[in-house]
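Report on one structure; see the data block that follows.
Quantities reported herein were computed from a predicted structural model and do not represent experimental measurements. Letters go in sequence order (proteins before strands), and every chain restarts at 1.
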2 protein chains.
Amino acid sequence: MTAAAVQVLHEHGYRATPQRLLVLAAVGELRHATPEQILAHIHQTSPGVNLSTVYRVLEVLEDVDLVTHAHIGSGSATYHATDGPAHLHFRCGGCGRVQSLPAIIAEPFVQQVRERLGFHADVTHAGIDGRCRECAATQEQP
Amino acid sequence: MTAAAVQVLHEHGYRATPQRLLVLAAVGELRHATPEQILAHIHQTSPGVNLSTVYRVLEVLEDVDLVTHAHIGSGSATYHATDGPAHLHFRCGGCGRVQSLPAIIAEPFVQQVRERLGFHADVTHAGIDGRCRECAATQEQP
DNA sequence: GTATATGCAAAGGGTTTGCACGGTT
DNA sequence: AACCGTGCAAACCCTTTGCATATAC
């Protein structure tokens with residue numbers, strides 16, 4: 001898969017640098033990671049990489065559609081690979097855990113919004129806040 | 001209504017200061033305003049008010065449930081009064097306009113998420129990105 | 001060899017905090 | 001009169017940017 005990524009980068013006129021492949025690998029392994037988390041993961045094996053590089057690399061990887069980000073909660077954006085089908089992000093305000101569901105389940109909703117406002121909603125871009133089963137049960141506060 | 005707000009503040013042990021009433025009024029008039037926008041509005045009549053006060057006041061007003069905020073797009077949170085029924089926010093990535101719909105239309109979706117994950121989704125807290133009718137038609141880029 | 005990426009450090013926006021003064025109760 | 005709330009300034013986090021060096025092509 002890393003070979004495929006090199007391919008994609010080249011096709012878009014980008015160079016395949018170690019940092020770019022490291023970030024891509026980290027995103028793939030972590031699923032839903034912030035830039036800081038990605039850097040921390042990379043530092044376990046490659047301590048030299050810089051945070052600003054992670055930001056710049058993520059921009060490139062989004063441009064070539066290997067990665068997307070979603071705004072979840074109030075903190076940093078979280079990045080994830082665009083390998084599988086589009087999905088929604090549910091972030092628990094109690095424990096911070098992020099769960100996913102295929103984006104298709106929101107289709108009736110998206111359809112209704114389009115009918116009523118003419119608005120084309122991208123439900124994958126923003127995470128949805130709430131409480132996971134466990135935290136809802138234990139009434140934890142955020 | 002400002003008298004009612006004074007009442008609510010007092011009930012929660014907060015003082016009814018001019019700044020708090022100014023912020024509440026601004027939020028009511030502006031609908032969907034960022035802290036900066038709220039401050040700008042207030043400065044038209046009361047130039048002395050400080051931005052950090054706006055932040056602190058918004059925190060208080062949220063605590064007593066006179067105001068809520070939603071994260072829309074990548075910028076600052078936007079605040080709005082909790083007078084009407086809960087609603088969803090749709091932000092156009094083309095023109096930046098924010099439209100609303102009653103939150104009830106998302107109930108089937110919320111229900112389905114609860115069934116499949118046990119997750120209690122708060123769909124009002126995060127704005128939904130997309131394209132409004134006009135911008136979707138003209139294919140504008142963000 | 002050349003243009004692009006990186007590391008570093010500094011700047012930038014938005015938000016929070018410490019402190020002394022001022023205002024509400 | 002007591003205490004809470006404000007203004008101001010500085011600190012803070014996250015993200016972006018300028019520049020010289022390093023590196024993929």
* **Interatomic distance, B:E36 atom CD to B:L51 atom CG [nearest 0.5 angstrom]** => 5.0 Å
Once you round it to whole Å, what is the distance between [atom2] of [N] and [atom1] of [X]?
X	N	atom1	atom2	value
B:Q37	C:dG14	CD	P	11 Å
A:L9	D:dA24	CG	P	13 Å
B:E62	C:dT16	CD	P	10 Å
A:H69	D:dT16	NE2	P	10 Å
A:H71	D:dC14	NE2	P	15 Å
A:L21	D:dT23	CG	C1'	14 Å
A:H12	C:dA5	NE2	P	13 Å

* First of B:A16 and B:E59 reached from the 5' end of DNA chain C, by closest nucleotide -> B:E59
* Name all residues meeting the side chain to side chain contact (heavy atoms under 4.5 Å, CB included) criterion together with B:E29; count only those two or more places apart in sequence or in a different chain, and write none if there are none. => B:A25, B:H41
* Asked: Who pairs with B:R97 by salt bridge (charged side-chain N to carboxylate O under 4.0 Å, His left out), at least two apart in sequence or on another chain?
  -> B:E134
Identify all side-chain donor-acceptor contacts of residues 109-130 of chain B below 3.5 Å with residues at least two apart in sequence or on another chain.
| unit_1 | atom_1 | unit_2 | atom_2 | d |
| --- | --- | --- | --- | --- |
| B:D122 | OD1 | B:T124 | N | 3.1 |
| B:D122 | OD1 | B:T124 | OG1 | 2.7 |

All N/O donor-acceptor pairs, side-chain side in residues 7-20 of chain A, below 3.5 Å, sequence neighbours left out:
| unit_1 | atom_1 | unit_2 | atom_2 | d |
| --- | --- | --- | --- | --- |
| A:Q7 | NE2 | A:E11 | OE2 | 3.4 |
| A:Y14 | OH | A:D63 | OD2 | 2.7 |
| A:T17 | OG1 | A:R20 | N | 3.2 |
| A:R20 | NH1 | A:R15 | O | 2.7 |

* Structure fact -> In 5'-to-3' order, the base (B), backbone-only (S) or no-contact (-) status of each nucleotide in nucleotides 2-9 of chain D, using a 4.0 angstrom heavy-atom cut-off, is -BBSBBBB
Tell me which donor-acceptor pairs under 3.5 Å the side chains of residues 86-96 of chain B have, and how far apart each pair is, sequence neighbours excluded?
| unit_1 | atom_1 | unit_2 | atom_2 | d |
| --- | --- | --- | --- | --- |
| B:H87 | ND1 | B:P85 | O | 3.2 |
| B:H87 | NE2 | B:H89 | NE2 | 3.3 |
| B:H89 | NE2 | B:H32 | NE2 | 3.2 |
| B:H89 | NE2 | B:H80 | NE2 | 3.3 |

